Protein chains: 2
Amino acid sequence: MAEDTGSAPPRVTIRDVALAANVHVSTVSRALDPSKRSLIAEATRERVVAAAKELGYQPHLVASGLRRGQTLTVGIVVPDLGNPIYAPLARGATHALEGANYMPLLADTQDDHERLARFLRHLAERRVEAIIATAARLDDAQLLVEIAQRGIPVVTAVRTVSSTGLPAVLHDDTAGGRLAAEHLLDLGHERVAQVRGSLEVEPFVRRTEAFTAAVTAAGATLTDGVPPVPHLTADEGRSAALALLDVDPARRPTGVFVQNDVMALGALMAVRDLGLRCPEDVSIVGYNDAFFAAHTDPPLTTVRLDAYQVGHAAGVLALELIADPGQEHRGSSVPPELVVRRSTAPPGSGA
Amino acid sequence: MAEDTGSAPPRVTIRDVALAANVHVSTVSRALDPSKRSLIAEATRERVVAAAKELGYQPHLVASGLRRGQTLTVGIVVPDLGNPIYAPLARGATHALEGANYMPLLADTQDDHERLARFLRHLAERRVEAIIATAARLDDAQLLVEIAQRGIPVVTAVRTVSSTGLPAVLHDDTAGGRLAAEHLLDLGHERVAQVRGSLEVEPFVRRTEAFTAAVTAAGATLTDGVPPVPHLTADEGRSAALALLDVDPARRPTGVFVQNDVMALGALMAVRDLGLRCPEDVSIVGYNDAFFAAHTDPPLTTVRLDAYQVGHAAGVLALELIADPGQEHRGSSVPPELVVRRSTAPPGSGA
DNA sequence: TTGAAAGCGCTACCAG
DNA sequence: CTGGTAGCGCTTTCAA
């Protein structure tokens, strides 16, 4: 009888424990459920627990979930895990779910409509009990609504689609855009511009409108823009900033609002590419306060979006909706905050 | 009869489809399973499919999984999603799993032994079919081995623990450390130093040893080090670099190997804090080639670790082990690559 | 090719 | 307080 090494050890079930403890399986089930402690004699409970430990029993969450009608999972859909804002967001949500024994199923859509559609369907088939969607573009509205109508609570976060009326953890992008504008205006900038994200994404629309409105209201000049940047990468931010800045100095903006820190990284390079200095010749305001913002050269002035907090709130909201689906949760809003560092200064301060 | 808005729509099961299509549930099951297409009359299949679509039937992957003995999930454990190396790693793994309809359950241990222990247990209770562990410290060895012995394939990635003998997707940190050393030596540096990560983490041990060995072999001076940095943050990298550089210029290292790009971000600040210039006074070599490395000032010379590729390979390996647990997969190794940018130059090149 | 019946591992209801 | 029984939604033998 050679030892059968390598072969998987037989999985211990509740039945095995019942046999070992000389009780019925239903008794084992109760003995191992903390919420049923009162229903069982202390002595049997101890016997069962001992047998379970002895045998190395591990509960089967999937089986118990099937019976209980729950999966203890929540889908989290992000557009791009590589974008530094989504890591803290996912962490925040994960931590909120952890306490209730829920776990996230994480999917990365790469900002693609088709992939989002596939994932939403797949998450539904896995019977996630809620979905936290941070990857929505305006043309995803119908998709999200359909899922919600199928009875799965959908929480949108950061990238909301207000036309859907879905519960949302917002970030006040309007206030954020205004904050960026007012900061540049307060410093005395009279020619400003923005490097925008895709207008298929609601927050970028909001930032754009708010910035534009504040600048216009103050009578400053919003110089001709560049087209919205499709992908939120440093390289694309760099190209856009180059196009914006590589013009006759008399018409060149002295302050630029770049709607995302990763793109702002590229904008800082563009300034150097052109032999200009930041902030002496051009001030740059970013958005998000990503972890590297304090460590660029010069350190980046940026509008803080507390992604961890947004994620956490989204997780909490998802749990509430799971517990009480009928409830009218319209969600909450996380305010922006201007973080002034050294990439902004009064115009011409270097001359 | 008012419309019962708001209440969850009743979930359609295979039974409902069977009723609608006038067949037995087992027939529905077969009709909807592509691999059983040959077992069923085309006409009935069409009828069933039509009924399913009509009713809006969605398969219940959890229930089918329970019966089939699979969950289609793989646990991925990372030390810190905020560390930019783990986002691409998770993406690589996710993409590898996607094709086989597997999804990751992602957990973030915050580099904490207790949290890792909790998560591993929890993942086991959820019956993940494999675990990709990238968060292992040397003192986690036993934990990982226990899980593997319970019959769940464990793949370690990046942060391997070689004493466990677990299948691993390695990155050749020894070659990486040597690459960093040789680069500085080739440039003519004679006093070098390193900012090390925790020696509880095998890759940092490897990088440290390889760097030290190469420097010593070349007869250069390895200046007194600073203690390993516990957390891989820019701030801690900055403090460590300050301690290293804020000394008598005659003894100050001219080249520093910082074993992680995030810490290198801090090291670059430390150089500026001291009124020194990089690379003229101090050359800095980072590790990982994180996305921001090309965008620091100066752009960071670094040893590239292709995290996406490691993650992808780990995902593929996990799937192989699921399909064939007995197999002897010792894993693969992803080579490092030196990416030379402008944070390194010959010593004294600015004087 | 289809139907019937058993059961994945667990929980919850009903008796006693 | 404990045992028996049914069943979550699905797949898979085994017969017909």
Side-chain angles (χ1 to χ4, degrees), chain A residues 8 10-49 51-52 55-73 101 124-129 151, chain B residues 8 10-49 51-52 55-73 101 124-129 151:
Chain A
R11 283 263 168 226
V12 179
T13 78
I14 210 178
R15 271 183 70 115
D16 303 314
V17 178
L19 244 55
N22 239 307
V23 289
H24 192 90
V25 285
S26 57
T27 305
V28 175
S29 175
R30 285 184 288 251
L32 263 27
D33 181 343
S35 79
K36 297 216 168 55
R37 220 180 150 149
S38 56
L39 298 182
I40 205 140
E42 186 57 20
T44 29
R45 205 187 64 81
E46 276 169 15
R47 197 148 37 89
V48 170
V49 169
L55 298 177
Y57 170 74
Q58 284 197 310
H60 193 313
L61 247 42
V62 175
S64 101
L66 178 63
R67 181 61 234 251
R68 289 184 147 134
Q70 55 176 30
T71 55
L72 297 177
T73 53
N101 244 280
E125 294 187 357
R126 284 180 179 274
R127 297 297 191 271
V128 294
E129 296 177 52
Chain B
R11 284 264 168 224
V12 179
T13 78
I14 210 177
R15 270 182 71 118
D16 303 313
V17 178
L19 244 55
N22 238 306
V23 290
H24 192 90
V25 286
S26 58
T27 305
V28 175
S29 174
R30 285 185 286 250
L32 264 26
D33 181 344
S35 78
K36 297 217 166 55
R37 221 182 149 147
S38 57
L39 297 184
I40 206 140
E42 187 58 18
T44 28
R45 204 186 63 83
E46 277 168 15
R47 197 148 38 88
V48 170
V49 169
L55 297 177
Y57 170 73
Q58 283 198 313
H60 194 313
L61 245 42
V62 176
S64 99
L66 178 62
R67 181 58 232 251
R68 288 185 148 132
Q70 56 177 30
T71 55
L72 298 177
T73 54
N101 245 283
E125 295 187 357
R126 285 180 178 273
R127 298 296 190 270
V128 294
E129 297 177 52

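To find a chain, count down the sequence lines: A is the first, B the second, and so on, and within it residues start at 1. Model, not experiment: these values are computed from the prediction.
- Counting to the nearest Å, the C1' atom of C/dG7 and the CD1 atom of B/I14 are 15 Å from each other.
- The backbone N or O of B/Q58 sits nowhere less than 3.5 Å from a side-chain atom of A/E125 that would complete a donor-acceptor pair.
- A donor-acceptor distance shorter than 3.5 angstrom exists from the side chain of B/R126 to the backbone of A/L72, with no hydrogens or angles considered.
- Within 4.0 Å (heavy atoms only), B/H60 reaches sugar-phosphate atoms of the nucleic acid but no base atom.
- The 5' end of DNA chain C is approached more closely, in terms of each residue's nearest nucleotide, by B/R45 than by the other of B/R45 and A/T13.
- Per the geometry, CZ belonging to A/R37 stands 20 Å off C1' belonging to C/dT11, to the nearest Å.
- Summarising the geometry of B/Y57 relative to B/I14, their closest heavy-atom pair is CE1-N, 3.6 Å, with the distance given to 0.1 Å.
- Pairing each heavy atom of B/D33 with each of B/R68, the nearest pair is OD2-NH2, 3.0 Å.
- Of the residues near DNA chain C, B/L66 and B/T44, the one whose nearest nucleotide (by heavy atom distance) lies more toward the 5' end is B/T44.
- A donor N or O paired with an acceptor N or O is not found under 3.5 Å between the base of C/dG9 and the side-chain atoms of B/R67.
- Between the CG atom of A/L61 and the P atom of D/dC8 there is a distance of 20 Å, given to the nearest Å.
- Across all strands, B/V62 comes closer than 4.0 Å to no nucleic acid atom at all (heavy-atom distances).
- One interatomic measurement links the two molecules: CZ of A/R11 to P of C/dG7, which rounds to 22 Å at whole-angstrom precision.
- Using a 4.0 Å cut-off, some side-chain N or O of B/K36 falls inside it from OP1 or OP2 of D/dT12.
- A donor-acceptor pair under 3.5 Å is absent between the side-chain atoms of B/Q70 and the main chain of B/G65, judged by distance alone.
- If you check every strand for non-hydrogen atoms under 4.0 Å, A/I40 touches sugar and phosphate atoms only.
- In this structure, A/L39 atom CG and C/dC13 atom C1' are separated by 12 Å, rounded to whole Å.
- If you check every strand for non-hydrogen atoms under 4.0 Å, A/T71 touches nothing.
- Between the P atom of C/dG9 and the CZ atom of B/R127 lies a distance of 9 Å, rounded to the nearest Å.
- OP1 and OP2 of D/dC1 both lie 4.0 Å or more from every side-chain N or O belonging to A/T27.
- Within the nucleic acid shown, A/S29 comes within 4.0 Å of at least one base atom, counting heavy atoms only.
- Between B/N22 atom CG and C/dT1 atom P there is a gap of 20 Å when expressed in whole angstrom units.
- Residue B/S26 is classed as a base contact, given a heavy-atom separation below 4.0 Å to a base.
- Summarising the geometry of A/T71 relative to A/R127, their closest heavy-atom pair is OG1-O, 2.7 Å, with the distance given to 0.1 Å.
- Looking at A/R30, its side chain comes within 3.5 Å of the base of D/dG3 through a donor and an acceptor atom.
- Protein atom NE2 of B/H24 is 11 Å distant from nucleotide atom C1' of D/dT11, rounded to whole Å.
- Among the protein residues, A/S64 comes within range of the sugar-phosphate backbone only, with heavy atoms under 4.0 Å from sugar or phosphate atoms but none that close to a base.
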